Amino acid sequence: MLEEPITEDEVIEESEDDAPVKEVVDSLDTTEEEESDDDNVLSFSKKLPHLQAYRDKKLRKRLLLLVLIFVVPLFGSVYYISPLSNLSKVEVGKVSRVTPKSILASADLKVGERLWPQFFKRQEIAAKVTQANPRIKKTTISLENWNQLVIQIKEYEEVAYLVKGNHYLPILENGSIVQEPIKKIENHHIILEGFSKETMILDTLKAYAQLPVEIQDSISQIKLSPSKKMMNFSRCL
């Protein structure tokens with residue numbers, strides 16, 4: 001069957017029926033666009049404080065860098081021309097046998113001159129002090145009170161005496177003989193006689209130290225007989 005042709009009036013009626021639908025769709029599209037714009041505004045408003053904080057942090061870093069660039073050289077210049085940059089005092093820690101005067105003389109530190117060149121050479125100066133005196137076992141130099149140096153000394157202990165004529169020479173724990181004759185000796189140290197080599201002295205002292213305490217207390221003197229290479233032990237009375 002042939003379809004009847006649509007008249008102009010029917011087309012107009014259909015268009016009029018679709019008009020409300022189009023208006024609703026257009027209204028929905030407009031609402032969605034407005035909501036999207038509102039979301040963008042809210043999102044930007046949330047990001048704004050973070051952006052401001054980031055800018056402030058970056059600005060503070062730049063200001064700090066500028067302060068360091070200008071202030072640090074200024075303080076360095078002031079320190080360089082101030083008395084704090086010079087060595088004001090040299091002290092010697094507690095010592096027993098070595099005199100502070102001899103330590104200061106061997107250290108040769110210059111009070112009133114630049115501190116840091118002398119401080120950076122402290123290990124070299126400490127080695128020189130140790131070598132200058134056989135009694136010194138170790139020397140350390142430290143910085144105190146901004147511009148003062150302190151010399152700390154660790155000494156070898158006296159463990160025996162060597163008879164030399166009418167005097168006695170101290171013998172240290174490393175076997176060294178100190179060429180400082182003394183007349184008065186400490187009773188708790190043994191006396192060696194006839195020894196000349198430090199290696200022999202050190203071996204004898206090691207052997208003596210391995211003896212029981214009771215036997216050590218009963219020996220007051222060890223005498224070496226060069227002809228027979230024997231040692232005679234004198235007992236305490």
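As the structure is a prediction and not an experimental result, all values here were calculated from the model. Positions are given from 1, in the same order as the sequence printed here.
In terms of hydrophobic clustering, with Ile, Leu, Val, Met, Phe, Trp and Tyr side chains grouped at heavy-atom distances under 4.5 Å, V178 and Y168 are assigned to different clusters. Residues V98 and V92 are members of one and the same hydrophobic cluster, defined by side-chain heavy-atom contacts under 4.5 angstrom among Ile, Leu, Val, Met, Phe, Trp and Tyr. L224 and I222 fall within a single hydrophobic cluster, where Ile, Leu, Val, Met, Phe, Trp and Tyr side chains are chained together by heavy-atom contacts under 4.5 Å. Tracing side-chain contacts under 4.5 Å through hydrophobic residues (I, L, V, M, F, W, Y), one reaches V90 starting from V129; they form part of the same cluster.
The two residues V163 and Q221 come nearest to each other via the heavy atoms CG2-NE2, 4.4 Å. For the pair T204 and F195, the tightest heavy-atom approach, listed with the atom from each and the gap, is OG1-CE2, 3.3 Å. When all heavy atoms of P181 and H167 are compared, the pair lying nearest together is CB-CB, 3.9 Å. The minimum heavy-atom distance between I177 and S196, with the atom names listed, is CD1-O, 4.4 Å. When all heavy atoms of A126 and I141 are compared, the pair lying nearest together is N-CD1, 4.0 Å. When all heavy atoms of I151 and A107 are compared, the closest pair comes out as CD1-CB, 3.9 Å.
Under the ring pair (Phe, Tyr, Trp, His ring centres under 6.0 Å) criterion, F70 pairs with no residue, sequence neighbours left out. Applying the side-chain hydrogen bond (donor to acceptor under 3.5 Å, both in side chains) rule to T130 yields the partners T139; only residues at least two apart in sequence or on another chain are considered. Shown here are the salt bridge (charged side-chain N to carboxylate O under 4.0 Å, His left out) partners of E157, two or more places apart in sequence or in another chain: there are none. Residues passing the side-chain hydrogen bond (donor to acceptor under 3.5 Å, both in side chains) test with T140: none are found, sequence neighbours excluded. With sequence neighbours left out, the salt bridge (charged side-chain N to carboxylate O under 4.0 Å, His left out) criterion links K137 to E173. For Y156, the ring pair (Phe, Tyr, Trp, His ring centres under 6.0 Å) test picks out no residue, with sequence neighbours left out. Scanning for ring pair (Phe, Tyr, Trp, His ring centres under 6.0 Å) contacts around H189 gives Y161, with sequence neighbours left out. Here N147 pairs with S88 under the side-chain hydrogen bond (donor to acceptor under 3.5 Å, both in side chains) rule; sequence neighbours left out.
Rounding to the nearest 0.5 angstrom, the gap separating the CG atom in L202 from the CD1 atom in I171 is 10.5 Å. The line from OG1 of T99 to CG of N133 is 7.5 Å long, rounded to the nearest 0.5 Å. For the atom pair CG (L84) and CG (N145), the distance works out to 11.0 Å, reported to the nearest 0.5 Å. One distance of note links CD1 of I201 with CG of L192; it measures 6.0 Å at 0.5 Å rounding. Rounded to the nearest 0.5 Å, atoms CZ (R135) and CD1 (I153) are 13.0 Å apart. With values rounded to the nearest 0.5 angstrom, I190 atom CD1 is found 12.0 Å from D217 atom CG.
Here L63 is tied into one hydrophobic group with L59, each link being a pair of ILVMFWY side chains closer than 4.5 Å.
Within the structure, salt bridge (charged side-chain N to carboxylate O under 4.0 Å, His left out) contacts touching residues 198-214 (residues at least two apart or in different chains) do not occur. Residue pairs meeting the salt bridge (charged side-chain N to carboxylate O under 4.0 Å, His left out) criterion with at least one member in residues 77-106, sequence neighbours excluded, are K89-E91, R97-E158, R97-E186.
By the 4.5 Å heavy-atom criterion applied to side chains, I69 and L65 are counted as neighbours.
With hydrogens and angles disregarded, no donor-acceptor distance shorter than 3.5 Å links the side chain of E144 to the backbone of V150.
Within 6.0 Å of NZ on K128 lie more than 12 heavy atoms contributed by other residues, nucleotides or ligands.
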What donor-acceptor contacts under 3.5 angstrom involve side-chain atoms of residues 109-119, with partners at least two apart or in another chain?
{"residue": "K110", "atom": "NZ", "partner": "D108", "partner atom": "OD1", "Å": "3.1"}
{"residue": "R114", "atom": "NH1", "partner": "Y80", "partner atom": "O", "Å": "2.9"}
{"residue": "R114", "atom": "NH1", "partner": "S85", "partner atom": "OG", "Å": "2.6"}
{"residue": "R114", "atom": "NH1", "partner": "N86", "partner atom": "OD1", "Å": "3.4"}
{"residue": "W116", "atom": "NE1", "partner": "Y79", "partner atom": "OH", "Å": "2.8"}
{"residue": "Q118", "atom": "OE1", "partner": "K110", "partner atom": "N", "Å": "2.7"}
{"residue": "Q118", "atom": "NE2", "partner": "K110", "partner atom": "O", "Å": "3.1"}
{"residue": "Q118", "atom": "NE2", "partner": "R114", "partner atom": "O", "Å": "3.0"}

